[in-house]
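Each remark here refers to the structure printed beneath this line.
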Amino acid sequence: MTHTHSLPESASNRKAYMTLIMISFFCLIPFFWVLLAAFDPNATQFLAIPKDVTVAHFWNLFANESGLRWIVNSVLIVGLATLLTLIFAGFGGYALSRTKAWWKRPLLYAIILVRIVPPPALIVPVYKVMLALNDMVNSVIISITDNVEHQLVLSRIFSFVDGYLGLILIHTAMQLPLAIWIMKTFFDAIPKDYEEAAALDGASQIQTVRHVLIPLALPGFAAAGLFAFINAWGDFLMPLMFTSSPELQTLPLGMFRAFLRVDAIDYGFLTALAVIYTLPAVIAFSFARKFLTQTFSGGVKG
Amino acid sequence: MSQIELINIKKQFENTEIVKGVDIHIEKGEFAVIVGPSGCGKSTLLRMIAGLEDISSGELKIGGQVVNHVSPDKRGIAMVFQSYALYPHMTVAENIGFALSLQKVDKQEIKQRVKEAAEMLELTALLKRKPAELSGGQRQRVAIGRAIVKRPQLILFDEPLSNLDAKLRVQMRAELMRLHREFGSTVIYVTHDQVEAMTMAQKIIVLNQGKVAQVGKPMALYQQPDNQFVAQFIGIPKMNLLPGAIKDNRFLGECNQDVSLTQTYHNATLVNLGIRPEHVNIDHQGNEWNVILVERLGVETFIHVEANNAQQVVVRLEGNTDVAEGQRVGLIINPDVCFLFDENGERIHPKLDVLNVVQNSA
């Protein structure tokens, strides 16, 4: 049946595909450049096929610069923030899905409203709050130990400003609203029948959560976790605001500061860093994809 | 002593009373069906027995113990949900064995009991599958397997067949009855389908607007309904009602029917005469009724007739008939099998004939 129209259709199709391919290629050029330049010993700001292939830029990143430290910091901070986000969003989303309280709707809209405020608008008040909390933490640390070495280590971990805990918590707070919404919507789609069946099977609350609710909500957790991880991973503002010491530097900050160096810009180094920076997000996506596409059907009908 | 006793059970949601004081006794091993139209409170009642819903007032006893505040898993019951509620991430075997594994039953024994349940339900070949890979009837059987593996003293069914197609439903009905015979557990089965109630039940509890309309054996409800609601709810097509009055032991209908009653009744106005379609016949001589629809099913024929005042009656005839739509006919009502209901829908019983009583007791 396509034969009757095949000529004009395929011609217009061909034109459409050509246009699309050209647009796609144009969009992909920056990515090609990053990939090629990262392995090009003479990387410039122009797109060029490298004459030699080298991993010297990567070697430079890990051996001469503190690339490894930046990666560890980023993975640690963003990973823990994602974990915390998932825990809170799991509980919060479930509660918001099941409650029939009058404040359910207002609260849900308030959560969305929070996301409307652009984060830079919050820099000053958030910094004030974090600073106050920081003073509290520091006074606690000082009261615990007199050893200055120990004080330094503890404050590096638990400080709200220029410490891991502060960055983890602020990332969690930033990612929580969307994650709660995702989980709430997801739990809405899980019929209460499963929990009731579990109750009749003799499952305690914890057993119901562990054996029934979490397995059923896995795709939701994967979606919420992926969004949280990728958003926090790409966030530049929070590390910029709340870290100053080089030991706490994360990947986006490391890249930014490398770009700002006064001497000539090392494109090879920057693109190698960009490749490394992109990898975890890709890994996180492929990891989450397994669960995202996993849909549970057939359990209930009606 | 009955195994399950509901004593003046009530359920309130905020200001509306869903269940308005229900008393039911169910004996050990009995297959009891709670039937009623949607919204009559039957599912709420079942959920209260299961412990999924609080009891607002009244007492629920299982095996003589008051269990109002006992958690669902401690009541010795199992429930088959309308939606089946099979855990989709578990295999059939894991679904059936879940309750046992929570009780920390020995792994070997779980395997054995799952195997037994699966054999009983012909699920052995499917034990490694996930619910998504099963047909509706197979899922239904897994849901039943999950209930019987616990060896409960009471199994609750909440409209278990409503998701199946008509053919499978008939098949599952027979299978459920077979399982009940083999297993011997007490069963409480909720449905809105009076056919399921009539075919399966040893005891039917008809529920209407949160109250028990009548309790009894299927044929007792069919032959001796206590009220107009039960009379119309049990039996397909439903019982015809003709408004009229009783005068001098004759029923005088608004559509000129004159039925001489075979038992003695007090005179009354505003009564309904109830007569099942199978107890009405067509009178070819008459002309008060207009035939509006003839449904021929082979073994039987349903003839819908209408009077001038829009009153409708359904007549069931054996086999085929030559009555045609548009024809005018009369109706012959069998006075031996008609029922009289007062304006509140309650059955009007015949006057006890003093002479009869004396004769009978002699």
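Below, chain A is the first sequence line, B the second, and so on; all start at residue 1. Values below: all heavy atoms of this structure, side chains included; hydrogens, waters and symmetry mates excluded. Keep in mind that this is a model prediction, so the values were computed, not measured.
No more than 12 heavy atoms of other residues, nucleotides or ligands shown are found within 6.0 angstrom of CZ on A:Phe287. Within a 6.0 Å radius of CD in B:Gln65, other residues, nucleotides and ligands contribute 12 heavy atoms or fewer. For A:Gln205, the CD atom counts as loosely surrounded, since its 6.0 Å shell holds 12 or fewer non-hydrogen atoms of other residues, nucleotides or ligands. Open room surrounds CZ on A:Arg210; 12 or fewer heavy atoms of other groups in view lie less than 6.0 Å from it. The number of heavy-atom neighbours closer than 6.0 Å to CZ of B:Phe13, taken from other residues, nucleotides and ligands shown, is above 12. By the neighbour-count criterion of 12 heavy atoms within 6.0 Å, atom CG of A:Leu20 is densely surrounded, having more than that number from other residues, nucleotides or ligands. Residue-environment remark: CZ (A:Phe62) exceeds the threshold of 12 foreign heavy atoms within 6.0 Å. The environment of NZ in B:Lys111 is sparse: at most 12 heavy-atom neighbours from other residues, nucleotides or ligands sit within 6.0 Å.
B:Arg47 CZ to A:Glu196 CD: the interatomic distance, rounded to the nearest 0.5 Å, is 4.0 Å. B:Tyr84 contributes atom OH, which lies 12.0 Å from atom CG of A:Asp193 (distance to the nearest 0.5 angstrom). Here the CD atom belonging to B:Gln103 is positioned 9.0 Å from the CG atom belonging to A:Asp201, to the nearest 0.5 angstrom.
At a heavy-atom separation below 4.5 angstrom, chain A is approached by B:Arg146, B:Lys150 within residues 141-157 of chain B.
Within the 3.5 Å criterion, the main-chain N or O of B:Pro88 finds no donor-acceptor partner in the side chain of A:Tyr194.
In terms of heavy atoms, A:His211 sits closest to B:His89 at O-NE2, 2.8 Å. Shortest non-hydrogen contact noted between A:Gly202 and B:Leu102 is C-CD1, 3.9 Å.
The side chain to side chain contact (heavy atoms under 4.5 Å, CB included) check on A:Leu178 picks up A:Arg115, A:Ile182, A:Phe227, A:Asn231, with sequence neighbours excluded.
Contact of B:Arg75 with chain A is not made at all, since no heavy-atom distance falls under 4.5 Å. When heavy atoms are compared at a cutoff of 4.5 Å, A:Gln207 approaches chain B solely by way of its side chain, counted from C-beta outward.
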